[in-house]
Amino acid sequence: MNVRKVLHGIKFFVFGATLLALFGAAVFYLWNALAAPLFGAPLLNYWQALGLLALARILVGGRGFGGGGFRRRIWHKQMEERFAQLSPEERERFLNVMGAGAHGGHHR
């Protein structure tokens, strides 16, 4: 096992845990400072705030930070590069196969 990869993994874990703790604290303080007095909502403890944060991510956000946009852009760029390397015949075949579900078996 590579020591550098282990250290990178530990840094990633610590960074993620720190961000989670900070976001949880932000939800905790903002909820208790704003929602409770303005709307009569109950006060939250820290763990309830983390639960509320997780619920919000499930209902609104989905996959990690930014909704996976960064990974999607990388994937899209890689696919564009691969597509550019195809011959015209391979491109036509690829487009026909990819369009088969939406276009009845042929590319328009």
Side-chain angles (χ1 to χ4, degrees):
M1 193 180 299
N2 187 350
V3 174
R4 183 173 272 181
K5 287 184 180 182
V6 171
L7 289 175
H8 180 73
I10 291 171
K11 284 185 206 176
F12 183 77
F13 177 78
V14 169
F15 181 73
T18 302
L19 277 179
L20 182 64
L22 289 173
F23 283 133
V27 170
F28 170 72
Y29 287 115
L30 287 171
W31 179 275
N32 288 336
L34 296 173
L38 289 175
F39 307 114
L43 295 175
L44 297 181
N45 64 36
Y46 179 76
W47 299 109
Q48 290 170 325
L50 277 179
L52 183 63
L53 180 64
L55 180 63
R57 292 296 300 162
I58 291 168
L59 294 176
V60 179
R63 301 174 278 172
F65 297 107
F70 178 71
R71 287 180 295 228
R72 189 172 25 253
R73 284 191 300 270
I74 290 174
W75 179 85
H76 194 272
K77 183 179 178 189
Q78 290 172 344
M79 290 302 292
E80 285 179 340
E81 291 171 356
R82 290 178 187 168
F83 189 77
Q85 295 173 359
L86 296 176
S87 70
E89 296 83 18
E90 290 172 324
R91 286 182 191 165
E92 184 63 30
R93 192 170 354 147
F94 174 78
L95 291 173
N96 283 332
V97 170
M98 292 305 291
H103 303 294
H106 63 281
H107 176 68
R108 293 182 187 188

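- Closest heavy-atom contact between Ala49 and Gly24: CB-O, 3.8 Å.
- Remark: the backbone N or O of Gln85 is not paired with any side-chain donor or acceptor of Arg91 at under 3.5 angstrom.
- Rounding to the nearest 0.5 angstrom, the gap separating the CZ atom in Arg4 from the CG atom in Leu7 is 9.0 Å.
- Sequence neighbours left out, the pairs with a member in residues 73-93 that pass ring pair (Phe, Tyr, Trp, His ring centres under 6.0 Å) are Phe83-Phe94.
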What pairs of donor and acceptor atoms, side-chain ones from residues 38-46 against any protein atom, are under 3.5 angstrom apart with sequence neighbours left out?
residue: Asn45; atom: OD1; partner: Trp47; partner atom: N; Å: 3.0
residue: Asn45; atom: OD1; partner: Gln48; partner atom: N; Å: 2.8
residue: Tyr46; atom: OH; partner: Ala21; partner atom: O; Å: 3.2

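- To the nearest 0.5 Å, atom CZ of residue Phe23 and atom CG of residue Leu50 are 11.5 Å apart.
- A continuous path of ILVMFWY side-chain contacts below 4.5 Å connects Leu53 to Phe15, so both sit in one hydrophobic cluster.
- Side-chain contact between Arg93 and Glu90 is present, with heavy atoms from C-beta onward closer than 4.5 Å.
- Note: the hydrophobic cluster containing Trp31 does not contain Leu22 (ILVMFWY, side chain heavy atoms under 4.5 Å, direct or indirect links).
- Cluster membership check: Leu86 shares its hydrophobic cluster with Met98, using side-chain heavy-atom separations under 4.5 Å among Ile, Leu, Val, Met, Phe, Trp and Tyr.
- Criterion: ILVMFWY side-chain heavy atoms under 4.5 Å apart, direct or through other members. Under it, Leu30 and Leu19 are not part of a common hydrophobic cluster.
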